[in-house]
Each structure stands twice: as structure tokens, then as C-alpha cells.
Amino acid sequence: MSQTRRHFLATSAAAAGIVTLLPFAARAAAHSGDTFDTDAGPITVHPVDHASIVLETPAGVIYVDPVGEPAQYSDFPAADLILITHEHGDHYNADTLAALAGDDVQIITNPAVFDMLPEALAAKASKIANGENAEFNGLPINAIPAYNTTEERKKFHPEGRDNGYILGFEGFRVYISGDTEDTPEMRSLTDISLAFVCMNLPFTMDSNAAASAVAEFKPTYVYPYHFRGKDGGTQDPEEFAKRVGTDVEVKIGGWYES
């Protein structure tokens, strides 16, 4: 599988893997993206901010958890599909969603967000719960449980409510973690080509847990994302990259300005 790298500096690589790193400010410029060539066609990843992602794919343009000012999305093609993982304000905002949801867009959410949608958005939406499946333009979409396992964190993301997603492109499976810890469901994933894995405290997990899980399910590529926390809870994606090991190529995206 070949890959086009834009605005990356490659570090020296161990024999079995590569880590590509660049300071955040350089990656943030112009929402620089990376293109992965797949059997289904090219997939381009655009980090937007924190948990928000734009994917240009053979099935259409997919927005994941779009929040913030709609102007942040003005440089991207309009969404064909919008995925919402859960209800927290850094993942779901009804006003942003309304501004970005064109006439022909389809929205897929977890059940809790679906029940919150204004009527106009609900008309464009469908819901899938943990373990359920959907399809968009021939693209299989699986809802993967996303939840906290540490006792004092369970109040943030209780088991059974929130979704991660697997997008099943031909020969190239994409996993989007949503907000979660390193659950058994994450660790048992197989055949993942590209993963987006969260890590921040106190809301999800630290970089050690995230790296341990990624080293176990071994995606071909992984982006650490959603790594700004509070009260010292921000995680260092470069430390995560060092802990993952040499079987997975780690990408550092420009989700943050500095």
C-alpha cells in the first residue's frame, strides 16, 4: 500500500515501522491532509480541531463530530455523511451541525444524540447503537462501544451509550474511537488499516493506555487525537508514538494550533 505524505518530516525508522512527527504549528497550517491509497480509491484525512475530522473518501465526504465555527469547514467539500459519536459539546453541537448539513446529507448518530436532534436534523438522521450496523453508498459502518472503564471516569462515558465507528472500505478499515478507554472491544479489533485513538484526562485515557491498546490491535497507521485535557490531563502524542512500538506507523495531525 502506497501513501502520499504532505508536509511531513520522517524520522529515522526501526526495521518494522516508522514514526512520522512534525511540530503542531507546522501541521496546523491550512488543515494539511494526508492521502492513503486504497483498493477502493484514495482516502484523504483532514484534521480540523480536537475531535473533528474531515475524510474525503471513495464513498463521499465524511465529517466526524463537526463542532466549532462553520467557517472552519469552508475549505473542505460539503459533507455527504456526518457521523456523531456522542453528545458532549466537543463532539456534538446542533447549531454547527445545522450549518453544515446540506439538503442531501445523511447523519448517523448514537441513540442519545438522535433523541436530542432538532426536527429538521432528525429528518436527515438515523441512529445505530453499540454493535449495530449501517450502510452509506455501499460503505459498511459498524458502531463500536466507546466507554470508560476506570471507576471515577465512568460518569463521563457510561458503557452502552456512546459510539466509536469502523468504516469498511474495500481492503482498508478505518476505526474512529470516539471518547473511550482501552476497552476489550478496542483491544480485540482486527484488520484495522487506519485508526484515530483518543487520549486525554480525566475524560478518556492516558497515552500509556492508548499506546498499549494500539500495540495490541496493531492498525497499519494511527493518529492520536483528542489529546488536550484539563488540570494537567493533556497527553503528549510524541510520547504516545514512542510507546506504540515499531509495528504501527504513527501520524501526528494538526488538530491544535500550538
Side-chain angles (χ1 to χ4, degrees), residues 31 33 40-41 43-147 156-170 173-180 185 194 196 198 203 225-226 255:
H31 294 305
I43 296 174
T44 301
V45 174
H46 298 284
V48 181
D49 184 41
H50 189 57
S52 301
I53 310 165
V54 171
L55 302 173
E56 295 184 75
T57 84
V61 178
I62 302 172
Y63 287 15
V64 180
D65 287 345
V67 300
E69 293 297 325
Q72 290 181 279
Y73 300 83
S74 61
D75 291 338
F76 304 121
D80 299 300
L81 172 67
I82 298 175
L83 298 174
I84 308 294
T85 61
H86 68 289
E87 64 203 63
H88 290 165
D90 54 343
H91 296 260
Y92 164 66
N93 180 280
D95 292 338
T96 305
L97 195 57
L100 298 174
D103 292 341
D104 297 324
V105 76
Q106 294 187 38
I107 301 170
I108 294 176
T109 81
N110 67 320
V113 167
F114 183 86
D115 290 342
M116 298 175 181
L117 290 173
E119 184 176 352
L121 290 174
K124 304 173 182 179
S126 59
K127 60 184 176 182
I128 53 175
N130 291 178
E132 294 183 343
N133 305 317
E135 186 175 284
F136 173 77
N137 283 352
L139 173 69
I141 300 171
N142 309 113
I144 303 300
Y147 60 96
F156 299 124
H157 307 98
E159 187 171 359
R161 187 190 67 187
D162 304 340
N163 287 344
Y165 293 105
I166 291 178
L167 312 181
F169 298 97
E170 181 183 354
R173 282 163 37 98
V174 178
Y175 169 59
I176 301 160
S177 75
D179 278 9
T180 187
E185 292 90 347
L194 175 62
F196 298 86
C198 66
F203 304 108
Y225 83 133
H226 196 287
W255 274 275

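Values in this document were obtained by computation on a predicted structure and should not be read as measured data.
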Point to revise | Interatomic spacing from OG1 in Thr180 to CG in Asp162 - rounded to 0.5 Å | key: 8.5 Å
Revision key, fill the gap. dist Leu97:CG -> Lys124:NZ (nearest 0.5 Å) comes out at 8.5 Å
Check your understanding: Does Lys127 reach the main-chain N or O of Ala112 with its side chain, forming a donor-acceptor pair under 3.5 Å?
Key -> no
Exercise for review: State the CG-CZ distance between Leu194 and Phe169, to the nearest 0.5 angstrom.
Suggested key: 9.5 Å
Practice item. Report yes if the side chains of Pro47 and Tyr225 come closer than 4.5 Å at any heavy-atom pair, otherwise no. Key: no
Revision key, fill the gap. Residues at least two apart in sequence or cross-chain that pass side chain to side chain donor-acceptor pair (under 3.5 Å) with Glu56, listed by chain then number, are His46
Check your understanding: Can you name the closest pair of heavy atoms from Ile107 and Ala101 and give their distance?
Key -> CD1-CB, 4.3 Å
Practice item. Would you sort out whether Val174 and Thr57 count as a side-chain contact (heavy atoms from CB on, under 4.5 Å), showing the intermediate values? Key: CA-CA 11 Å; Val174 178; Thr57 84; over 6 Å; no
**Study point:** Stepwise side-chain contact (heavy atoms from CB on, under 4.5 Å) check, Val45 with Leu55
**Key:** CA-CA 5 Å; Val45 174; Leu55 302 173; 3.8 Å; yes
**Study point:** Closest approach of Ala134 to Ile108 (non-hydrogen atoms, all atoms of both residues)
**Key:** CB-CD1, 4.0 Å
**Study point:** Closest non-hydrogen atom pair between Asn133 and Asn142, with its separation
**Key:** OD1-ND2, 2.5 Å
Exercise for review: Any chance you could lay out the side-chain contact (heavy atoms from CB on, under 4.5 Å) test for Tyr92 and His86, step after step, and finish with the verdict?
Suggested key: CA-CA 7 Å; Tyr92 164 66; His86 68 289; over 6 Å; no
Point to revise | Asn137 side chain to Ala59 backbone, donor-acceptor under 3.5 Å | key: yes
Review point. Is a side-chain N or O of Asn93 found less than 3.5 angstrom from the main chain of Thr96, in a donor-acceptor match?
Key: yes
Exercise for review: Please say which of Ile82, Ile53, Ile141, Leu167 ends up in a side chain to side chain contact (heavy atoms under 4.5 Å, CB included) with Ile62.
Suggested key: Leu167
Check your understanding: Would you call Arg161-Glu87 a salt bridge at under 4.0 Å N-O?
Key -> yes
Check your understanding: Are the side chain of Ser177 and the backbone N or O of Phe196 linked by a donor-acceptor pair below 3.5 Å?
Key -> yes
Check your understanding: So, the side chain of Trp255 versus the backbone of Ser52: is there a donor-acceptor pair under 3.5 Å, distance only?
Key -> yes
Exercise for review: Check step by step if side-chain contact (heavy atoms from CB on, under 4.5 Å) holds for Asp80 and Gln106.
Suggested key: CA-CA 6 Å; Asp80 299 300; Gln106 294 187 38; over 6 Å; no
Check your understanding: Do you know which two heavy atoms are closest between Ile84 and Pro66, and how far apart they sit?
Key -> CD1-CD, 3.8 Å
Exercise for review: Could you note down all residue pairs passing salt bridge (Lys or Arg N to Asp or Glu O under 4.0 Å) where residues 89-106 supplies at least one of them, sequence neighbours left out?
Suggested key: none
**Study point:** Distance-only donor-acceptor check, side chains His91 and His226, under 3.5 Å
**Key:** yes
Study note, to complete from the structure: Taking every heavy atom of Asp179 against every heavy atom of Ala146, the minimum-distance pair comes out as O-CB, 3.5 Å
Review point. Are Tyr165 and Asn163 linked by a side-chain donor-acceptor pair shorter than 3.5 Å?
Key: yes
Review point. Nearest heavy-atom pair of Ala78 and Tyr63: which atoms, and what distance?
Key: CA-OH, 3.9 Å
Check your understanding: More than 12 non-hydrogen atoms from neighbouring residues, nucleotides or ligands closer than 6.0 Å to CD on Glu135, yes or no?
Key -> yes
